[in-house]
Amino acid sequence: MPSSEHPLVVDMDGTLIRADLLHETASQYLSDNPLRIVRLAGWTMAGKHALKERLAEATPFDPAALPYHEEVIEWLRAERAKGRPIVLATASHRRLAQAVADHLDLFDTVLATGDGVNLKAEAKRDALVALYGEKGFDYVGNDGADLAVWAVADKAYLVDSSAAFADRVRAVATLDCVFADGRKPAPAALFRALRPHQWVKNLLIFVPILAAHHFRDVDGMIAALIAFLVFGLTASSAYILNDLADVADDRHHRLKRHRPFAAGDLSLLAGWALWPALLLIAGLIAALALPPAFVGVLAIYFVVTVAYSLRLKQVAIVDVLVLAGLYSIRIVAGAAATNVPLSFWLLTFALFIFLSLALIKRVSELLVARASGRETSLRGRSYGPQDLEMLSAMGVGAGYLSVLVLALYIHDAQTAELYASPRFIWLACPILLYWISRAWLITHRGQMHDDPIVFAIKDKASILIGVGFLGVFALAKGLG
């Protein structure tokens with residue numbers, strides 16, 4: 001049979017898709033209920049074929065949401081248009097493989113794990129030789145497990161960007177073409193997954209010691225710096241866990257589908273190894289260098305964050321209240337780390353302002369949904385476009401209440417002790433009113449970033465307003 005008429009056999013995990021369906025189903029299974037890890041361990045002990053079968057039966061699966069390798073798919077369609085048989089041969093379970101095949105409508109034959117056989121490496125090789133004979137097919141793969149298959153294929157096609165691995169393939173087969181895998185470099189993808197730009201939120205840890213005017217407390221400032229690092233590591237751990245739990249929903253989002261795990265730039269397995277490692281490092285630093293009260297607050301923060309990621313974000317109103325609380329708890333952590341008494345006014349102000357910001361996130365998402373003609377609730381959320389007006393009213397109201405709290409703070413007896421001229425703080429009220437009103441106006445115009453904190457960091461006007469706001473407090477402190 002001429003080579004041009006050989007069946008073109010295609011691997012799936014890492015080749016057709018930038019993901020591994022075993023990792024996908026296991027991650028979804030654990031995300032739905034972390035306590036299932038005991039059952040998952042039992043399935044693993046029964047062998048990979050049993051593990052794949054159990055997960056395929058127990059886990060909802062949406063083939064349309066997978067990160068496909070579009071260049072490979074376009075090439076396969078072109079080959080099929082020439083009349084060439086296209087075969088999907090994968091170590092994933094046949095139920096999942098068939099779902100992908102049905103979605104793509106591209107394959108003439110599907111070979112996959114089932115009937116007690118894990119169709120990988122030598123098992124896949126033997127199955128293909130039995131069907132087509134040695135050198136009777138061409139094969140497209142991506143990793144070391146495919147070397148055994150390439151050794152009996154007529155031509156090899158590789159999806160990989162590594163020159164060293166391409167040389168390994170050439171050693172056992174005739175390498176005809178190499179497709180770049182299209183993934184972002186691993187270090188860059190890992191850096192994005194940690195979301196270091198979100199660490200700016202942890203600057204709230206410094207607020208208690210600065211608000212108490214303990215500027216010369218060197219030990220307190222060092223403790224605040226350590227707390228900032230610890231919260232950053234813990235937050236990154238929580239962001240990774242959130243991305244793992246949200247991966248299916250993120251792939252349907254116009255922006256979040258580019259996140260490293262959703263896009264397939266990072267393995268889900270790497271994510272499940274990384275988040276507990278970051279949490280462990282953060283916990284050890286906190287236990288060794290910071291007060292027990294801070295460790296307790298840190299633990300509460302992580303538990304609430306996990307609860308939010310796995311369930312609370314799907315409960316209307318509760319989700320934004322939790323988000324506001326997670327911002328505010330950073331202030332509590334800062335007070336615990338530096339042994340500064342927690343201000344009632346500061347905590348109340350934080351709760352209202354952060355509730356307003358949390359509602360901005362939801363409203364911006366709903367505006368995008370309304371613009372696209374969506375009439376149902378957002379994926380993974382309990383809000384629909386019909387809730388826009390109500391959420392906007394609550395958000396603006398919460399923002400304005402934070403201004404009221406600031407105004408009442410001016411008349412507090414402790415304020416007179418901290419500031420030489422508390423009356424100058426009145427100037428901060430119209431500045432804050434302007435910023436809140438402007439932020440909500442920008443939101444309703446559809447120009448707000450999904451995260452208002454990120455927006456404020458990049459927005460020149462917000463930076464100037466922030467400088468002016470702090471300048472007012474400096475004026476009140478320094479003028480008598």
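Basis for what follows: all heavy atoms, side chains included, without hydrogens, waters or symmetry-related copies.
The minimum heavy-atom distance linking R330 with I205 is given by the pair O-CG1, 3.5 Å. Contact detail for F261 and L244: the closest heavy-atom pair is CD2-CD2, 4.1 Å. Nearest approach of A336 to P291, heavy atoms of both residues: O-CG, 3.6 Å. Closest heavy-atom contact between V320 and A358: O-CB, 3.8 Å. The two residues A245 and L310 make their nearest non-hydrogen contact at CB-CD2, 3.9 Å. The two residues I240 and A193 make their nearest non-hydrogen contact at CG1-O, 3.8 Å.
Here the straight-line distance linking atom CE of M12 with atom CG of L21 works out to 4.5 Å at 0.5 Å rounding. The CG atom of L326 sits 11.0 Å away from atom CG of L321, with the distance rounded to the nearest 0.5 Å. To the nearest 0.5 Å, atom CE of residue M390 and atom OH of residue Y383 are 12.0 Å apart. The line from CZ of R445 to OG of S364 is 16.0 Å long, rounded to the nearest 0.5 Å. Atoms OG1 and CG, on T90 and D11 in that order, are 5.5 Å from each other to the nearest 0.5 Å. Separating the CG atom in L274 from the CG atom in L279 is a distance of 11.0 Å, to the nearest 0.5 Å.
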Would E24 and I17 count as a side-chain contact (heavy atoms from CB on, under 4.5 Å) if you check the C-alpha gap in whole Å, the side-chain angles of each, and the deciding distance to 0.1 Å?
CA-CA 11 Å; E24 293 277 325; I17 60 175; 6.0 Å; no
Could you check F354 against L323 for side-chain contact (heavy atoms from CB on, under 4.5 Å), going step by step and ending with a plain yes or no?
CA-CA 8 Å; F354 292 135; L323 278 178; over 6 Å; no
Apply side-chain contact (heavy atoms from CB on, under 4.5 Å) to F61 and L55, showing your working.
CA-CA 10 Å; F61 177 66; L55 286 171; over 6 Å; no
Worked check of side-chain contact (heavy atoms from CB on, under 4.5 Å) between F206 and L203:
CA-CA 6 Å; F206 292 92; L203 291 173; 4.2 Å; yes
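Within the 4.5 Å cutoff, the side chain of T338 has no heavy atoms near those of the D217 side chain. Looking at heavy atoms from C-beta onward, I300 lies out of side-chain contact with V303 at the 4.5 angstrom threshold. With contacts defined as side-chain heavy-atom distances shorter than 4.5 Å, the pair F455/I442 qualifies. For the pair I331 and L342, the minimum side-chain heavy-atom distance is below 4.5 Å. Taking the side chain as every heavy atom from C-beta outward, I329 and V297 approach each other to under 4.5 Å. Under the 4.5 Å side-chain criterion, counting only non-hydrogen atoms from C-beta, L104 is in contact with L16. Looking at V363 and W440, their side chains come closer than 4.5 Å, going by heavy atoms from C-beta outward. When side chains are defined from C-beta on, L278 counts as touching L194, because their heavy atoms get closer than 4.5 Å.
At a threshold of 4.0 Å, the pair D387-R362 does not count as salt-bridged, since none of the basic side-chain nitrogens sits closer than that to a carboxylate oxygen. Under the 4.0 Å criterion applied to side-chain N and carboxylate O atoms, R77 and E74 are not assigned as salt-bridge partners.
Shown here is I37, whose CD1 atom has no more than 12 heavy atoms of other residues, nucleotides or ligands within 6.0 Å. Other residues, nucleotides and ligands contribute more than 12 heavy atoms inside 6.0 Å of the CZ atom of R259. A 6.0 Å sphere centred on CD of Q414 holds no more than 12 heavy atoms belonging to other residues, nucleotides or ligands.
No side-chain donor-acceptor contact under 3.5 Å links S356 to the backbone of V396. Looking at S402, its side chain does come within 3.5 Å of a backbone N or O of G399 through a donor-acceptor pair. Judged by distance alone, the side chain of S162 and the main-chain N or O of F165 form a donor-acceptor pair under 3.5 Å. Looking at S237, its side chain does come within 3.5 Å of a backbone N or O of W275 through a donor-acceptor pair. Put simply, the side chain of R192 gets close to the backbone of H258: a donor and an acceptor are under 3.5 Å apart. With hydrogens and angles disregarded, a donor-acceptor distance shorter than 3.5 Å links the side chain of R251 to the backbone of A262. Using modelled atom types, no side-chain atom of K361 and backbone atom of P452 make a donor-acceptor pair closer than 3.5 Å. Using modelled atom types, no side-chain atom of D412 and backbone atom of I410 make a donor-acceptor pair closer than 3.5 Å.
Take Y68 and apply the side-chain hydrogen bond (donor to acceptor under 3.5 Å, both in side chains) test, not counting sequence neighbours, and it matches no residue.
Side chains of S92 and D13: a donor on one and an acceptor on the other come within 3.5 Å. A donor-acceptor contact under 3.5 angstrom links the side chains of R39 and Y29, judged on distance only. Side-chain polar atoms of S392 and H444 form a donor-acceptor pair below 3.5 angstrom.
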List the atom pairs, donor and acceptor, that lie under 3.5 Å between side-chain atoms in residues 460-475 and the rest of the protein, sequence neighbours left out.
from: S462; atom 1: OG; to: W435; atom 2: NE1; distance (Å): 2.9
from: S462; atom 1: OG; to: D459; atom 2: OD2; distance (Å): 2.6

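Taking the six-membered ring where the residue is Trp, F228 and W199 present perpendicular rings, their angle passing 60° and hence far from 30°. The aromatic rings of H69 and F179 sit perpendicular to each other, their planes meeting at more than 60°, with 30° as the lower class boundary. Between Y419 and Y409, the angle of the ring planes goes over 60°, which puts this pair in the perpendicular group of the 30/60° scheme.
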